[in-house]
Amino acid sequence: MIPVTGFVSGLKLLACVAGPAIAKGVIIRRPGMMRMADWLDLDRRAIRRLEQCSIQYGRGPILARIGRRCVAFVLHPDDVHRVLRETPYPFASATLEKRAALAHFEPKNVLLSEGAERAERRRWNEQALQPENPRHCHAGKFLQTISAEIDTLQAKIAVRGELRWNDFSDAWFRIVLRVMFGDGAREDDELLETMASLRRAANWAWLAPRQDRLLARLLRRICEYLERAEPGSLAAMARDIEPLADIAPEHQIPQWLFAFDSTATATFRALALLAAHREYARGVRQEVESRGSASDLPLTRSAVLESLRLWPTTPLLLRETRVATEWETGIMPPNTAIIIFTPFFHRNRYVDCADRFAPQIWLKDAGLNQTPPVYWPSIPFSEGPGICPGRQVALLMSTSVIAAILERFRLRLKAPHILRAPLPGTLNHFSLSFELRRLGAPRHSEHSNS
C-alpha cells in the first residue's frame, strides 16, 4: 500500500513543505515574508524534511489526509517524470487549489481548463509564444526595446551608482508592457497595479472575495490592446491566430504577465550569482562582447537556468488525479492533490551540485530542453505536455537584459558573503543590491538593431 501519514504528521509535513511557499506568496511575493523565510532558511528545512521522509517511507509517494483532502508528496525522480509526462490526464493541472487562486485574475486560463478546451487554449498559447524557437519571430523588436529601456535605467541609476530591486523591476516591466502590447503601453501603470491587486487577492485563494469589477477592468484593458495590436508585439501575434474554440485570449495573457514577474526575479538573482562568481562572469562578459545574436548567449542563459534551479520561482508543481492511479507501492485514489516540491529535487543531498553555482550542467543542452545531465530532475519550466509555453521568450528576455546591463556596468554585489557556498536555500531578491561602475557606451550589434 502507498504509505499514509497520520493526521498530525501529515499536517506538519504540509506546513513544513507547502507552508513557506504559501506564506511567501504563491501568486505574488510578500517582501516581509520573503525576509523571514530567508532569515530562517525555510526552503532548506523543507528539503531536509522530505529527505527524512524518503528515508522513512522509501521511494513513495506518501499520502497525507488533511480533512477531506488527500494530498500526495512525490519523493522519487521517476515519479516526477511520470506525473509531468502524463499531464493533463490522469494528472490534471487544473487542481482545486490552483482554481481557487488563479480564478481571481484568469478564470478561463489554459491552466484551469481540461479536455478539448484545454488543448485548444494550449495550442493558442504555443502559436503566440513559439516555445520551440529560441529566437521569437519578433525578437528584433523585443531586443530594441530592451536596449532602450536599459539605457533609461542607466541614466536613472548612474548618479547613485547603485542598482536595487525596485529600479530593476520598474525597468523590467516597462520592457514587458512594450513586448506584450507595444510601445503605447509603456506607461500603463494602472494595468500593472490592477494585476497586482488581483494577484494579492489570489494569494488568499478561497479566503479572499472575488473582485469582479477589478477583473473586468483588467480583461477590458487587455482586449483594447489586442484590438490595437501594435506591430512587433505579442498582442499582434495573438490577434492573428485563428481561434477554433472559446480561447478567451484576454484570460491567457494575465498568465504571461504573472510569469514575467517570476522571470524578473530569476534574472535579478542571476545577476547576483554572476557578481559573486567572477571567473564565470568573465566568460559571460566575453560572450556578450562577441555575440552575433540574442540566441548566441549559452553562458548567460545557463546562469539564468542555474538561478532557477537554485531558487525555483515555482516551488510547488501541483497536479490532481482524475482517476485512481497505480504506483509501485499501491493505488492512489482519484481527486488526490499531488505536490512536487521542486527545491527538493533540485537541491537534495544526493545532487552533487546541490548548494553550489554549477551553470555548466546546462551547457551541454544547446537545444534548451531544460533537462541537464543529472539523474535528479531539474525542471525550472516543468516538463512534458504542461511545460511552460513561454520558456523561450522568458529566456530570451532574461539573457538579453543581463547582456544589456553587463555592456553598460560592472557590478559588485553588496554583502557578497550571502552567495558563498553552501548557497542559501532561500534568497530574498528584494534585499539584493549592486554597486555599479559605468563602462563605455554599449556596442550596438546585430541583436539591438535588427
Side-chain angles (χ1 to χ4, degrees), residues 16 19-21 23-25 28-49 157 160-169 171-172 261-285 299-300 302-315 341-344 346-349 351-362 378 380 398-399 401-402 405-406 409-437:
C16 180
K24 287 184 290 185
I28 189 169
R29 298 293 186 260
R30 301 180 175 109
M33 294 307 301
M34 284 294 299
R35 283 193 299 272
M36 182 176 292
D38 191 357
W39 178 53
L40 296 174
D41 209 7
L42 293 181
D43 288 315
R44 190 181 303 281
R45 295 187 185 197
I47 292 167
R48 297 294 175 255
R49 181 71 185 93
I157 63 178
R160 189 172 70 235
E162 182 180 18
L163 176 62
R164 301 170 184 164
W165 167 253
N166 287 343
D167 299 316
F168 177 84
S169 179
W172 177 269
D261 191 5
S262 298
T263 308
T265 301
T267 304
F268 204 57
R269 287 170 173 165
L271 280 171
L273 286 167
L274 290 172
H277 296 83
R278 295 181 180 179
E279 184 175 348
Y280 189 83
R282 278 195 291 272
V284 169
R285 284 190 177 278
L299 295 177
T300 314
S302 295
V304 176
L305 288 166
E306 184 65 352
S307 165
L308 286 163
R309 180 187 72 84
L310 290 165
W311 303 289
T313 53
T314 306
F341 185 60
T342 52
F344 170 65
H346 292 186
R347 300 191 60 182
N348 68 66
R349 67 183 62 184
V351 177
D352 290 341
C353 58
D355 294 329
R356 59 182 174 84
F357 179 56
Q360 65 276 4
I361 67 173
W362 304 99
S378 287
S398 182
T399 54
V401 165
I402 289 173
I405 289 174
L406 294 183
F409 295 109
R410 193 168 298 279
L411 306 179
R412 191 182 77 82
L413 179 66
K414 291 189 174 182
H417 63 277
I418 63 174
L419 291 184
R420 292 176 186 153
L423 294 171
T426 307
L427 182 62
N428 177 20
H429 59 284
F430 294 110
S431 69
L432 297 174
S433 64
F434 303 85
E435 291 181 356
L436 306 174
R437 183 166 64 83

* To do: Could you go through the side-chain contact (heavy atoms from CB on, under 4.5 Å) check for Leu273 and Leu310 one step at a time?
  => CA-CA 10 Å; Leu273 286 167; Leu310 290 165; 4.0 Å; yes
* Worked check of salt bridge (charged side-chain N to carboxylate O under 4.0 Å, His left out) between Lys24 and Asp43 -> CA-CA 11 Å; Lys24 287 184 290 185; Asp43 288 315; 2.8 Å; yes
* Arg30: partners by side-chain hydrogen bond (donor to acceptor under 3.5 Å, both in side chains), with sequence neighbours left out -> none
* To do: Heavy atoms only: give me the nearest Glu162-Asp167 pair and the separation to one decimal.
  => O-OD2, 4.3 Å
* To do: Could you grab the distance from atom CG of Leu299 to atom OG1 of Thr399, nearest 0.5 Å is fine?
  => 11.5 Å
* Asked: Stepwise, does the salt bridge (charged side-chain N to carboxylate O under 4.0 Å, His left out) test hold for Asp41 with Arg44?
  -> CA-CA 6 Å; Asp41 209 7; Arg44 190 181 303 281; 2.9 Å; yes
* Check Pro343 against Pro315 and note the closest heavy-atom contact, atom names and distance. => CD-O, 3.6 Å
* Asked: Checking side chain to side chain donor-acceptor pair (under 3.5 Å) for the pair Thr267/Ser398: CA distance, chi angles, key distance, verdict?
  -> CA-CA 6 Å; Thr267 304; Ser398 182; 2.6 Å; yes
* Asked: Where do Ala264 and Phe168 come nearest, in terms of heavy atoms and distance?
  -> O-CE2, 3.5 Å
* Asked: Would one find more than 12 heavy atoms of other residues, nucleotides or ligands at under 6.0 Å from atom CZ of Arg35?
  -> no
* Before giving the answer on side-chain contact (heavy atoms from CB on, under 4.5 Å), spell out for Ile47 and Phe341 the whole-Å C-alpha distance, their side-chain angles and the decisive distance to 0.1 Å. => CA-CA 8 Å; Ile47 292 167; Phe341 185 60; 4.1 Å; yes
* **Residue pair Cys353, Arg309: steps toward the side-chain contact (heavy atoms from CB on, under 4.5 Å) verdict** => CA-CA 10 Å; Cys353 58; Arg309 180 187 72 84; 3.8 Å; yes
* To do: Tell me whether the centres of the aromatic rings in Phe268 and Phe434 are closer together than 6.0 Å.
  => yes
* **For Ser307, all residues meeting side-chain hydrogen bond (donor to acceptor under 3.5 Å, both in side chains), sequence neighbours excluded** => none
* **Verdict with reasoning, Trp362 to Val304, per side-chain contact (heavy atoms from CB on, under 4.5 Å)** => CA-CA 10 Å; Trp362 304 99; Val304 176; over 6 Å; no
* Asn348 side chain to Phe344 main-chain N or O, any donor-acceptor pair under 3.5 Å? -> yes
* Structure fact -> To the nearest 0.5 Å, atom CH2 of Trp311 lies from atom NE2 of His429 at 12.5 Å
* Is the His277 ring parallel, tilted or perpendicular to the Phe357 ring (thresholds 30°, 60°)? -> tilted
* If you count the non-hydrogen atoms of other residues, nucleotides and ligands that lie under 6.0 Å from CZ in Arg160, is the total more than 12? -> yes
* **Test applied, salt bridge (charged side-chain N to carboxylate O under 4.0 Å, His left out); reference residue, Glu435; option that passes from Arg412, Arg410, Arg164** => Arg412
